[in-house]
Structures are given as structure tokens and as C-alpha cells.
Colleague: 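The structure is given below, and queries will be raised subsequently.
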Amino acid sequence: RKLGRKLSMLFGGVLFCAGALINGFAKAVWMLIVGRIFWVSELDLPIRLYFRIVFVIFSSVPLYLSEMAPYKYRGALNIGFQLSITVGILAANVLNYGFAKIKGGWGWRLSLGGAMVPALIITVGSLILPETPNSMIERGNQEEARTKLKRIRGIADVDEEFNDLVAASEASRKVEHPWRNLLRRKYRPHLTMAIAIPFFQQLTGINVIMFYAPVLFKTIGFGSDNALMSAVITGGVNVLATIVSIYGVDKWGRRFLFIEGGIQMLICQVVVAICIGVKFGVNGDPGELPRWYAIVVVLFICIYVAGFAWSWGPLGWLVPSEIFPLEIRSAAQSLNVSVNMVFTFAVAQVFMTMLCHLKFGLFLFFGFFVIVMTVFIYFFLPETKNIPIEEMVIVWKEHWFWSRFMSDVDYPNGSIELKKGGDSYHKV
Ligand SMILES: OC[C@H]1O[C@](O)(CO)[C@@H](O)[C@@H]1O
């Protein structure tokens, strides 16, 4: 909050570079450990190039994107963040596939040290990017913010938006304790979403596939090469489906994608559980897996990944970044990222044990959570597409459940009127 979004990103980029260097040149195990502490959140995958970004960047980039974007395209632009993650994962899978074939035992140095490339892009990029007007106003540079807003929007008359931003910032300046505020009654919906959304995102079980696809495919009877190849395939589907959500998020809305994606994931989880259950039972030796059978499993895992990649994947970052009012935004976003990382870590840690004990039931375990989260979205998440961030209070005020927490909250100063049309709002 004090440093602004730009410096936060720079700080993260530098740490990330340091981690990649220490890892790539590691001479001892402790160097690998230190490098990884600097670097990534998935602590148990030693030899894997994973273009993941440290916590600081996760906290600042989605906010940066949502604050910068014109609200009609906010969804699409924000999803650029998740798209980069999926492209990173795909690149990592492809490169690891290649590096694994290098003889002489130094392929892993390329895998780990190669993270310098994205790390440098982040570091240099953060120096070139402009600071957001919101963040400038927050730190008292009003005129600079106005000029910047004109430049970003490409028009001279930015008064309406500028005044909105200033009003929001003034309201936030009066408040000194974003963390304590987060606990206030009127922020109950925000607090709930800051915890529930990242929790549910990880409880879809996506990282079981993302981190362990090769292990999983091998376990169910694929050869080594095919298993690595399948990881490349799921990585590709992940990228393509994320692009679908960029296309649709501001048209079809967040709720539609969440609910459709949830149903799709659930169906696939049940089918995969049945496929694996029928073949393995609970004993665990599949023998030879017929080719058509393997293809069916990979196909349904791909459909599951697609369901995730146009719903919880991108929306898990987008929705929190657009619902928090400025006065709690940084704190709430940090909470969101922390919960996400804690459960990413937890799922990665318990996956092996769960697979051994639950067998095919692992997919049903995550399937159960997918049911819960889909019902949760249906009842508790209001549609946020096409609403300026500064006007977002409207969606809570008109929500059947959350309105009870918002009774003493006013519409923002000089608020434009928003009319509800179907499942979303538009300016009148
Ligand atoms: O695309 C899959 C990736 O998306 C995330 O859920 C959120 O960014 C990651 O935890 C996961 O590895």
C-alpha cells in the first residue's frame, strides 16, 4: 500500500531473479532450498521450471490490471494475469519434456536457472510500466494521477472517472487500519470472498493435475514419455480455455462461467473416478492400460482442465481484485493471495498420501468441494461484470443476503445510476 503497485512488482521481480540464479548455479542442497524460498510457492517440486511468481507479485498484478482497465474490459484485461500463468506452465512442461532428455545430468540447471528469463521480464517491465492513477492518488499525487489517467484512456475529459477515484481515495484516507477495517460488519461480504474464493479455487483439485500430471498418468499405466507428453497436452488445453474466458468474461459474466465451469469439472471428476475405479478397484495394479482407455482418461482430464481454466482459474484472481473498496483493497488482496498459497501448498503436500489412501476417491473428494463451491457462487456471489470498481457497493446493497450487512452504507458520492438488466447492470 505504501510502495505502490509498481515498486511491489519490482521488488518481487528482483527476488525472483535472485532465486533463479541461486538455483541454477546450486552447488549444494541448501542453495536449492534458499533459491526456492525466494522463488516459488510449490516447495516440493525440486526439478521443475515453473514460471510462478512470488507472493508480492500475486498481490500487486491483479490489482494493477483491474485498476487500469476501463470497466467494460476489466475482466478480459485482468485475465491476462492468469493467461501468463498458464502460458508459463505450458512453457515449463514443454521445456521440462525437452530438458529431461539431456544427457549428463545438468538439464535441471537449465530448468531452474531458465526462470531468469521471466524474472528479468518482470523486473524490467515493472520499471517501464506506469504507476496506476489509483495508487498515485492514494499517495497524494493528484495532478500526476490526472495526467496519467488522460494518457492511459487516450482522452482529455477524464473528470468523471478522476473524481470517482479521488472520492474513493478520500474515503479510504480517513481509515488507518485496513486490517481492522476488514473485520467491520460492512466488509463481511468482502472478507468472506477474500477467504472463500481462493480456498475454493485450490479445492477444485486443479494442482493435482498441474503439478502431478506426469506422476498421475504414470501411476495409471502410461509410459514415461507419454506421461510427460500428456502434461504438455493438459497445459495446452489450460492456455486455450483461458483465452475463451478472456473472450467471454465481460459478455457472459462471472457467474455464468463459474457455474458452467463447476458443472463441467464435476462431471469430469465423476467420470475419471469411475474410469480409474473400474480399472484399478482399490488394489492399485492396473496391468496394461488399453490405449482407448488411456485416451478417454486424458480426454476427460482435458475437459476438466478446460472447465477450470475458464472459470475458477482466472476468476479466482479477477473477482477479488474488483470487489474490494480501496480502503481495504491491499489488505483484502493479501489475504486472498495468502489463502490461495496456503491451500496450494496444502494440496501439493497431501496429494500423494491421499492418492494412496483414497485411490479413485481422490477425484470424488475434490468433486464434493466443486459441488459446494458451485452452490456457494449461485447463492452468494453477485454479478460484477460491467460495474466500475468504485460503484461496486451497489451489487452488495441489492443482494438478497449481503444487503443486510450494507444497510448503513451509502452509494458512492456522485454515483452514476446503474440499472439491473437480466443478470448484470448497465449505466443509464
Ligand atoms: O492454471 C493452473 C494454475 O492456476 C492457479 O490455480 C491460479 O493461478 C494455480 O494455482 C494453478 O497452478
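Note that the structure is a prediction, hence the values are computed from the model and not measured. Counting starts at 1 for both ligands and their atoms, in listed order.
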Colleague: Side chain or backbone of Asn207 under 4.0 Å from ligand 1, or both, or neither, by non-hydrogen atoms?
Modeller: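 Side chain only; the backbone of Asn207 stays clear of ligand 1.
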Colleague: Could I get the full list of salt bridge (Lys or Arg N to Asp or Glu O under 4.0 Å) partners for Lys186, not counting sequence neighbours?
Modeller: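 For Lys186 the salt bridge (Lys or Arg N to Asp or Glu O under 4.0 Å) partners, ignoring immediate neighbours, are Glu327.
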Colleague: What atoms of ligand 1 come closer than 4.0 angstrom to any heavy atom of Gln202?
Modeller: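 By the 4.0 Å cutoff, the relevant atoms are 6 (O), 10 (O).
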Colleague: How does Trp312 reach ligand 1, by side chain, by backbone, by both or by neither, if only non-hydrogen atoms under 4.0 Å count?
Modeller: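 Near ligand 1, Trp312 shows nothing, with every heavy atom at 4.0 Å or more.
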Colleague: Determine whether Arg153 and Pro70 make a side-chain contact, defined as any pair of heavy atoms from C-beta on separated by less than 4.5 Å.
Modeller: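 Counting from C-beta outward, Arg153 and Pro70 do come under 4.5 Å.
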Colleague: Which ligand 1 atoms does Asn238 reach within 4.0 Å, using its non-hydrogen atoms?
Modeller: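 In order of number, 1 (O), 2 (C).
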Colleague: Can you confirm, on distance only, whether ligand 1 has an N/O atom lying under 3.5 Å from any N/O atom belonging to Thr344?
Modeller: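 No, Thr344 has no N/O under 3.5 Å of an N/O on ligand 1.
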Colleague: Could you tell me which atoms of ligand 1, counted from 1 in the order shown, lie closer than 4.0 angstrom to a heavy atom of Ile85?
Modeller: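 Listed by number with element: 8 (O).
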Colleague: Set out, in order, the CA-CA distance, both residues' side-chain angles and the distance that settles side chain to side chain contact (heavy atoms under 4.5 Å, CB included) for Trp400 and Arg404, then state yes or no.
Modeller: CA-CA 8 Å; Trp400 72 272; Arg404 72 195 65 186; 4.3 Å; yes
Colleague: Please set out all donor-acceptor pairs under 3.5 angstrom arising from side-chain atoms of residues 270-278, sequence neighbours excluded.
Modeller:
none

Colleague: Heavy-atom contact under 4.0 Å between Phe308 and ligand 1?
Modeller: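 Per 4.0 Å heavy-atom rule, Phe308 contacts ligand 1.
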Colleague: Distance-only, no hydrogens or angles: does the Arg74 side chain make a donor-acceptor pair with backbone N or O of Ser66 under 3.5 Å?
Modeller: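 No, Arg74 side chain to Ser66 backbone: no donor-acceptor pair under 3.5 Å.
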Colleague: Determine, considering heavy atoms only, which of Gln82, Met341, Met210, Gln201 sits nearest to atom 4 (O) of ligand 1.
Modeller: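 It is Gln82 whose heavy atom sits nearest to atom 4 (O) of ligand 1.
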Colleague: I need the atoms of ligand 1 closer than 4.0 Å to a non-hydrogen atom of Thr86, numbered in the order shown.
Modeller: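 Within the 4.0 Å cut-off of Thr86, ligand 1 contributes 1 (O).
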Colleague: What do you reckon, does Asn340 have a nitrogen or oxygen under 3.5 Å from a nitrogen or oxygen of ligand 1?
Modeller: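 It does not: no N or O of Asn340 is found under 3.5 Å from an N or O of ligand 1.
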Colleague: Are there more than 12 heavy atoms of other residues, nucleotides or ligands under 6.0 Å from atom CZ of Phe401?
Modeller: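 More than 12 heavy atoms, drawn from other residues, nucleotides or ligands, come within 6.0 Å of this atom.
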Colleague: Is the positively charged end of Lys101 above the ring of Tyr97, judged by distance under 6.0 angstrom from the centroid and angle within 45° of the axis?
Modeller: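 Flagged: Lys101 positioned over aromatic ring of Tyr97.
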